[in-house]
Structures are given as C-alpha cells and as structure tokens.
Amino acid sequence: EPEVTQTPSHQVTQMGQEVILRCVPISNHLYFYWYRQILGQKVEFLVSFYNNEISEKSEIFDDQFSVERPDGSNFTLKIRSTKLEDSAMYFCASRVQGAYGYTFGSGTRLTVV
Amino acid sequence: GENVEQHPSTLSVQEGDSAVIKCTYSDSASNYFPWYKQELGKGPQLIIDIRSNVGEKKDQRIAVTLNKTAKHFSLHITETQPEDSAVYFCAANPAGGYQKVTFGTGTKLQVIP
C-alpha cells in the first residue's frame, strides 16, 4: 500500500537553529498538509498546500515557518529559528483529488534543546 | 472556526466488550467526519469516515453514527481485541477542496485481555 514517507524520524536541534523536515507524499496525491502534535495533545493543523502554493495556514504557521515542493516529489517544512515550544511531532499528510481522507506519514519528532 | 470536542479521554474495556467514543462539533458547514487510529510512534491512520448525507456506516467491527441536527457523531467498536488499543481521534471538516481537518482531543483506548 502506498505510504507517505517522512525523514528524519527524530531530530534534535539547538534553539535558534534552522531545521528542514522532509516528506515524500504519495505520487498521485495533489493536496499536501503539515500537522503537529505536542506530546499528549491533539493533532493541530499547520498548513495546506495545493497547486504549488499555500492554500490555508493556521495562526501557528507564522513567519518562522515555510513550506515548499522543490522538485515535484518532496514536500518540506522549514522552521527558521527554532524555539523550545516548537518541540513536537510533525506529521505530513497527503490526499488525492476526489477523496476526503488523508494519508499521514509516521512523523518526525523534533526536539529543541 | 470549527471546534471538535471528544469524550472520554481514556477508556478501558475488557476484551470482547464494546467501546463507544463520542464527539461533538460546532461548525454546521462541516460535512465530512473521519476517525483516525494512532498507534504508538506512528501517524494517524484513517479507519472509517462518514459524510453528512449518511446517518450510519459500518465496516466489520467498527461503525460510526452521525446526528447532524445535534452536531454529534460516535465511533462504536464491537468485540474489542487487544490490537484495538490505541489513541482514537475524531475529526471534522467541510468536504472537498483543500480545507483543513480539525481534530478532537483524542481517546486512549485500552483493551484488557
């Protein structure tokens, strides 16, 4: 069964450093998303991406965050200057046109120290 | 925006018993209600969903019911098995397009052998 692949599975970074989280969505999917989950809390929407542009973003997704699809297969989330409160599990998801359910990746656990 | 409430936060049942998880939503524009199962260290996995033109949907041991008037929906798992132990999230969103999914707070289900 097709999967959404996320790398790395775990990243530890110093506060103030930039991190890039990578995702390879399912090949025929057209809608892409990033969500995050702080430990023990619910899954929160960050951003949706369609047709090579951001279609919606949450208030969490401020100027320190950016997304891009540089080569037609990878979908990346960049956090420019990490803060302690950015520590969370980050999930990439994708969806095919005409269907409603997402396929999530296994996540990247980001730890900011 | 949409707000999804979910109860209970934890649920323990004996193997073979039934489990019921309930959710309410606030936005009458929501018309798609997925349920996700999250196992430890993994991303959420879609297990069943329901559209607002349907009141009930079944898939083997799991079923969802929807009361659009009351804005609540429920997940029912019958003949529970130890492998059903996980965190379950309900969610709601307007179907179609690129609209984000709003998740509930999650229910940790433990099936005791």
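Residue numbering restarts at 1 for every chain, and letters A, B, ... go by the order of the sequence lines.
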Q: Can you list the residues that meet the ring pair (Phe, Tyr, Trp, His ring centres under 6.0 Å) rule with A:F75, with sequence neighbours excluded?
A: A:F32, A:W34, A:F49

Q: Mark yes when over 12 heavy atoms from residues, nucleotides or ligands other than A:L84 sit less than 6.0 Å from its CG; otherwise mark no.
A: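 For A:L84, atom CG is crowded (more than 12 foreign heavy atoms under 6.0 Å).
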
Q: How would you list, by chain and number, every residue that makes a side chain to side chain contact (heavy atoms under 4.5 Å, CB included) with A:D62, sequence neighbours excluded?
A: A:Q64, A:F65, A:K83

Q: Could you report the tightest heavy-atom contact between B:Q38 and A:F91, atom names first, then the distance?
A: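 Closest heavy-atom pair between B:Q38 and A:F91: NE2-CZ, 3.3 Å.
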
Q: Using every non-hydrogen atom in the two residues, find where A:F45 and B:V101 come nearest and quote the distance to one decimal.
A: CB-O, 4.4 Å

Q: Tell me whether the count of non-hydrogen atoms from other residues, nucleotides or ligands lying under 6.0 Å of CD in B:E2 goes above 12.
A: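 Enclosed.
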
Q: By a 4.5 Å heavy-atom criterion (distance strictly below it), what part of B:P34 contacts chain A: side chain, backbone, both, or neither?
A: neither

Q: With rounding to the nearest 0.5 angstrom, report the CZ to CD distance, B:F103 to A:E44.
A: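 Those atoms lie 11.0 Å apart.
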
Q: With a 4.5 angstrom heavy-atom cut-off, which part of A:Q37 approaches chain B: side chain, backbone, both or neither?
A: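 For A:Q37, the contact with chain B is made by the side chain alone.
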
Q: More than 12 foreign heavy atoms under 6.0 Å from CG of A:D63: is that the case here?
A: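 For A:D63, atom CG is not crowded (no more than 12 foreign heavy atoms under 6.0 Å).
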
Q: Does the B:Y32 side chain pair with the main chain of A:G101, one donor and one acceptor, at a distance under 3.5 Å?
A: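 Yes: the side chain of B:Y32 pairs with the backbone of A:G101.
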
Q: Kindly say whether B:P44 contributes a backbone atom to a donor-acceptor pair with the side chain of A:Y102 at under 3.5 angstrom?
A: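 No, because the side chain of A:Y102 does not come within donor-acceptor range (under 3.5 Å) of the backbone of B:P44.
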
Q: Using side-chain heavy atoms (C-beta onward) and a distance below 4.5 Å, is B:K100 in contact with A:Y35?
A: yes

Q: So for atom NZ, which belongs to B:K108, do other residues, nucleotides or ligands contribute more than 12 heavy atoms lying within a distance under 6.0 Å?
A: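 Atom NZ in B:K108 is not packed in, count stays at 12 or less.
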
